[in-house]
Amino acid sequence: MGSYIKQIRAEKDRLILDGKIKKDKPLPAISDEEKPFDLPQGWEWARFPELGEFGRGKSKHRPRNDPALFNPGVYPLVQTGEVARADKVIYSYHSKYSETGLAQSKMWPAGTLCITIAANIADSALLGFDACFPDSVVGFVPLQPLDDAKYLQTFIETARSNLLAFAPSTAQKNINLEILTSVLIPVPPLLEMRRIVARVEALRALCGQLRQRLAASRDTQGQLASALLAQG
């Protein structure tokens, strides 16, 4: 593995030793047969747990709607629907855990990449604030020297259709943590990763501007058509 991925491993080992995160199950080496295609020089294949803290949210208490978990509400609770409705970053929530609720859950930091594994499959968004989420959401917290999880978010968006294929054809579609853990991620050198993220964000901004212009053009055409009909 590349030098900065080794740095991530060292940082993760330190956090595990300090008791700040839990130790992962050992992952087997990625064989040449598993690699989907050849990567450019300097790139390599990795999995989520090799790039940061990775795990399911927590909601141990049953029933989940026990009023004691929510009254009085203090700590933001993000659900799968809020991840699915977010536009890249989650800025809103509709529930709060109490101290009792927090005790049976976990607080994830702002910037955590949230990935849904139930109901809405492989929807993703970044937390805009510290929050809890249930076990229907998986969280990824990048470790130094990774700047943030934006590149991983972009990757998940491109891989979503492949992940949907793993969901059984039932009324309540879902995937599990093992499936996400096994996903191979093409990881570029850090500087190239930053350039990719910047380029994607610039293209998204351009697409947003084009959509606004198209919407304004349609509004203008509608107004002209109404004016012509009125004159006739």
Side-chain angles (χ1 to χ4, degrees), residues 1-13 15 21 24 27 29-30 34-57 78 80 82-91 108-117 120-131 133 137-164 166 175 177-208:
M1 285 193 176
S3 59
Y4 81 85
I5 296 184
K6 289 180 181 177
Q7 291 177 44
I8 292 171
R9 177 72 261 177
E11 173 67 6
K12 194 167 188 178
D13 287 343
L15 293 172
I21 62 175
D24 300 318
L27 292 175
I30 300 170
E34 291 177 289
K35 298 172 183 177
F37 48 83
D38 292 333
L39 293 173
Q41 186 175 0
W43 290 56
E44 56 189 310
W45 294 103
R47 291 160 291 201
F48 276 108
E50 294 166 328
L51 299 172
E53 182 184 0
F54 188 63
R56 294 176 70 173
V78 168
T80 55
E82 285 148 347
V83 178
R85 290 189 294 271
D87 183 13
K88 311 304 177 189
V89 181
I90 302 165
Y91 290 117
W108 294 78
T112 296
L113 174 61
C114 300
I115 307 168
T116 60
I117 60 173
N120 306 290
I121 303 298
D123 284 320
S124 61
L126 300 172
L127 277 180
F129 44 82
D130 295 354
F133 44 78
V137 177
V138 169
F140 170 76
V141 181
L143 296 179
Q144 289 296 322
L146 289 182
D147 300 321
D148 51 49
K150 291 180 180 178
Y151 176 82
L152 286 304
Q153 181 183 22
T154 300
F155 168 76
I156 277 293
E157 289 172 351
T158 63
R160 185 171 184 268
S161 59
N162 293 332
L163 290 170
L164 286 171
F166 287 101
I175 56 176
L177 185 64
E178 287 69 31
I179 289 171
L180 282 179
T181 298
S182 69
V183 171
L184 299 184
I185 304 164
V187 182
L190 276 176
L191 289 178
E192 191 165 354
M193 180 185 290
R194 291 164 185 158
R195 287 196 295 268
I196 290 169
V197 169
R199 183 61 175 161
V200 168
E201 289 182 340
L203 289 171
R204 283 173 174 164
L206 178 60
C207 289

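- When all heavy atoms of F129 and I90 are compared, the pair lying nearest together is CE2-O, 3.3 Å.
- For V197, the side chain to side chain contact (heavy atoms under 4.5 Å, CB included) criterion is met by K150, Y151, E201, not counting sequence neighbours.
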message = Quick one, L39 with V187, criterion side-chain contact (heavy atoms from CB on, under 4.5 Å). Give me CA distance, side-chain angles, the key distance, then yes/no.
response = CA-CA 9 Å; L39 293 173; V187 182; over 6 Å; no
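- Scored by the ring pair (Phe, Tyr, Trp, His ring centres under 6.0 Å) test, F140 finds F48 as partners (sequence neighbours excluded).
- A search for ring pair (Phe, Tyr, Trp, His ring centres under 6.0 Å) contacts involving Y91 returns nothing, not counting sequence neighbours.
- Side-chain contact between L113 and D148 is absent, with no heavy atoms from C-beta onward closer than 4.5 Å.
- Under the salt bridge (Lys or Arg N to Asp or Glu O under 4.0 Å) criterion, D147 pairs with R194, sequence neighbours left out.
- Between R56 and I117, the shortest heavy-atom contact is NE-CD1, 3.8 Å.
- Note on residues 180-191: no pairs pass salt bridge (Lys or Arg N to Asp or Glu O under 4.0 Å), not counting sequence neighbours.
- With sequence neighbours excluded, the residues that form a side chain to side chain contact (heavy atoms under 4.5 Å, CB included) with A110 are D130.
- The minimum heavy-atom distance between L127 and A131, with the atom names listed, is CD2-CB, 4.0 Å.
- The closest side-chain heavy-atom distance from F133 to T80 is not below 4.5 Å.
- Residue pairs meeting the salt bridge (Lys or Arg N to Asp or Glu O under 4.0 Å) criterion with at least one member in residues 154-164, sequence neighbours excluded, are K88-E157, D123-R160, E157-R204.
- A side-chain contact (heavy atoms from CB on, under 4.5 Å) with L146 holds for exactly one of V141, L51, I5; it is L51.
- Qualifying side chain to side chain contact (heavy atoms under 4.5 Å, CB included) partners for P36, counting only residues two or more places apart in sequence or in other chains: W45, L184.
- The heavy-atom pair separating G111 from A149 by the smallest distance is O-CB, 4.1 Å.
- Partner of I115 under the side-chain contact (heavy atoms from CB on, under 4.5 Å) criterion, chosen from I121, I175, I156: I156.
- Here E34 pairs with nothing under the salt bridge (Lys or Arg N to Asp or Glu O under 4.0 Å) rule; sequence neighbours left out.
- Annotation: side chain to side chain donor-acceptor pair (under 3.5 Å) contacts of E53 (sequence neighbours excluded): K106.
- For the pair I8 and P145, the tightest heavy-atom approach, listed with the atom from each and the gap, is CG1-CD, 3.8 Å.
- Looking at residues two or more places apart in sequence or on another chain, you find no salt bridge (Lys or Arg N to Asp or Glu O under 4.0 Å) involving E192.
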request  = Decide side-chain contact (heavy atoms from CB on, under 4.5 Å) for F54 and D24; before the verdict, give the C-alpha distance in whole Å, the side-chain angles of both, and the deciding distance to 0.1 Å.
outcome  = CA-CA 9 Å; F54 188 63; D24 300 318; 5.7 Å; no
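- With sequence neighbours excluded, the residues satisfying salt bridge (Lys or Arg N to Asp or Glu O under 4.0 Å) with D13 are R9.
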